[in-house]
Amino acid sequence: MDLNTVAEILDARQPTPWRPGDAWLGGGTYLFSEPQPHLRRLVDLSRTGWTPVQHLPDGSLEIAATCTIAQLSRFAAKLTTEAAPLVEQCCRAFLASFKIWNMATVGGNLCNALPAGPMISLTAALDAECLLLSQDGVHRRVHVTDFVTGAGRKDLADGELLRSITVPARALTCRTAFRQASLYGLGRSGVLVIGTLDPQDGSFALTITASTVRPFRLRFPLPPTAGDLRTAIASTVDEWFDDIHGLPEWRAHMTFHYAEEIRRELELGETAA
């Protein structure tokens, strides 16, 4: 879609004072999908030259905000860590064409903060942190579960930039279990639940997205009983998402159902029939 109110495209490598009507341009799959009448300038990140995804010296994984889904998928194919399959599962949760895969960015998916955003699901489940850069050069780090605060809402100040997302090395060693549901065969995720089991201390975590307005990550020192897990979900999730992709009652029901499947898979080695 043409953005006929945009009068200028700026290079993000050149410092430019931020002003009302500015927006960061990554892949542009959201920006160019619908009218943006409030925008006047786009600050293009495509030539920043950031390495899409790389291992850091401490073993953690740094994903640049400009990393595309296709780049992340190709990198994941070479990963040998226990959690590697989860990366591809979340990439596939887009159910998008190759054109979207080659343009949509991990950072854009997080900053759109849509409940069904699979990069939110992935990075929240792996206990990742966002690195945010302000216009005055201040850096701050925020966990993904705190960065996305609601449907379409995020902890991002005016002009602040999501630079990268860092997945800790320990999270990459976890066993994972993935469940997703949609009302349609190729529809947007209505429920996406991920479990992780830490081999170092046996701790269990369950991350709930798509069915809720924001990501929830429930942690347990040991795998919980079915009753304890159900009670924890019921007491933690304060709002189930409601839109054309699923009623709150259906989303809640499927979340509880998948949570128990995941608990049994990771604790007992059982898988769904």
Side-chain angles (χ1 to χ4, degrees), residues 11-15 24-29 43-94 96 98 100-113 117-134 137-148 154-156 160-176 178 194 196 198-200 205 207 209 215 217:
D11 189 334
R13 296 173 298 178
Q14 306 299 322
W24 299 108
L25 172 61
T29 54
V43 184
D44 185 11
L45 297 167
S46 64
R47 286 177 284 181
T48 53
W50 297 337
T51 301
V53 55
Q54 61 182 332
H55 282 292
L56 298 181
D58 64 357
S60 60
L61 197 66
E62 182 185 70
I63 307 170
T66 51
C67 176
T68 66
I69 307 309
Q71 288 170 330
L72 182 60
S73 176
R74 287 195 294 269
F75 185 90
K78 301 176 183 178
L79 274 179
T80 57
T81 56
E82 190 72 27
L86 180 65
V87 181
E88 183 67 12
Q89 287 170 324
C90 289
C91 287
R92 293 290 171 185
F94 269 100
F98 73 92
I100 298 298
W101 265 51
N102 282 284
M103 292 302 296
T105 62
V106 175
N109 196 245
L110 266 71
C111 289
N112 280 343
M119 295 297 99
I120 298 172
S121 309
L122 171 66
T123 53
L126 295 180
D127 199 26
E129 280 189 336
C130 300
L131 173 60
L132 308 177
L133 310 181
S134 69
V138 174
H139 295 192
R140 66 187 179 102
R141 291 187 177 273
V142 180
H143 277 92
V144 171
T145 49
D146 297 320
F147 178 71
V148 178
K154 63 272 185 183
D155 179 13
L156 199 63
E160 201 169 25
L161 171 66
L162 171 59
R163 166 62 181 85
S164 61
I165 306 96
T166 302
V167 177
R170 184 166 174 172
L172 295 172
T173 68
C174 292
R175 286 177 53 208
T176 65
F178 173 95
I194 297 169
T196 59
D198 190 324
Q200 294 188 35
T207 302
T209 55
R217 190 166 187 264

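Model, not experiment: these values are computed from the prediction.
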Open item on the list: Run Leu131 and Thr166 through side-chain contact (heavy atoms from CB on, under 4.5 Å) and show every step you take.
Closed with: CA-CA 8 Å; Leu131 173 60; Thr166 302; 5.8 Å; no
- [ ] Would you check if the side chain of Gln71 reaches a backbone N or O of Thr68 as a donor-acceptor pair within less than 3.5 Å?
- [x] yes
TODO: Mark yes or no for whether Thr123, through its side chain, and Met119, through its backbone, hold a donor-acceptor pair below 3.5 Å.
DONE: yes
With heavy-atom distances below 4.5 Å as the criterion, would you say the side chains of [X] and [Y] are in contact?
X      : Y      : result
Arg92  : Trp101 : yes
Arg170 : Asp198 : yes
Asp155 : Arg140 : yes
Val106 : Leu122 : no
Asp11  : Asp44  : no

Working to the nearest 0.5 Å, report the span between [atom1] of [X] and [atom2] of [Y].
X      : Y      : atom1 : atom2 : answer
Arg163 : Glu62  : CZ    : CD    : 5.5 Å
Ile165 : Leu61  : CD1   : CG    : 10.5 Å
Leu172 : Leu79  : CG    : CG    : 7.0 Å
Arg217 : Ile194 : CZ    : CD1   : 10.0 Å
Cys130 : Leu162 : SG    : CG    : 5.0 Å
Thr105 : Ile69  : OG1   : CD1   : 7.0 Å

TODO: Please test Phe178 against Ser121 for side-chain contact (heavy atoms from CB on, under 4.5 Å), starting from the C-alpha separation and ending with a verdict.
DONE: CA-CA 10 Å; Phe178 173 95; Ser121 309; over 6 Å; no
Open item on the list: I'd like to know whether Phe147 forms a side-chain contact (heavy atoms from CB on, under 4.5 Å) with Leu156, so could you lay out the CA-CA distance, the side-chain angles of the two residues, the decisive distance to 0.1 Å, and finally the verdict.
Closed with: CA-CA 8 Å; Phe147 178 71; Leu156 199 63; 4.0 Å; yes
If you take all heavy atoms of [X] and [Y], which pair is closest and at what distance?
X      : Y      : value
Thr176 : Ala83  : CG2-CB, 3.9 Å
Thr196 : Ala125 : CG2-O, 3.8 Å
Pro118 : Asn109 : N-OD1, 3.4 Å
Ala124 : Pro215 : CB-CB, 4.2 Å
Thr48  : Leu45  : OG1-O, 2.9 Å
Ala128 : Pro168 : CA-CD, 4.2 Å

TODO: Take Glu160 and Trp24, measure what side-chain contact (heavy atoms from CB on, under 4.5 Å) needs, and give me the verdict at the end.
DONE: CA-CA 9 Å; Glu160 201 169 25; Trp24 299 108; over 6 Å; no
- [ ] Verify side chain to side chain donor-acceptor pair (under 3.5 Å) between Ser73 and Glu88, making sure each step is shown before the conclusion.
- [x] CA-CA 6 Å; Ser73 176; Glu88 183 67 12; 2.6 Å; yes
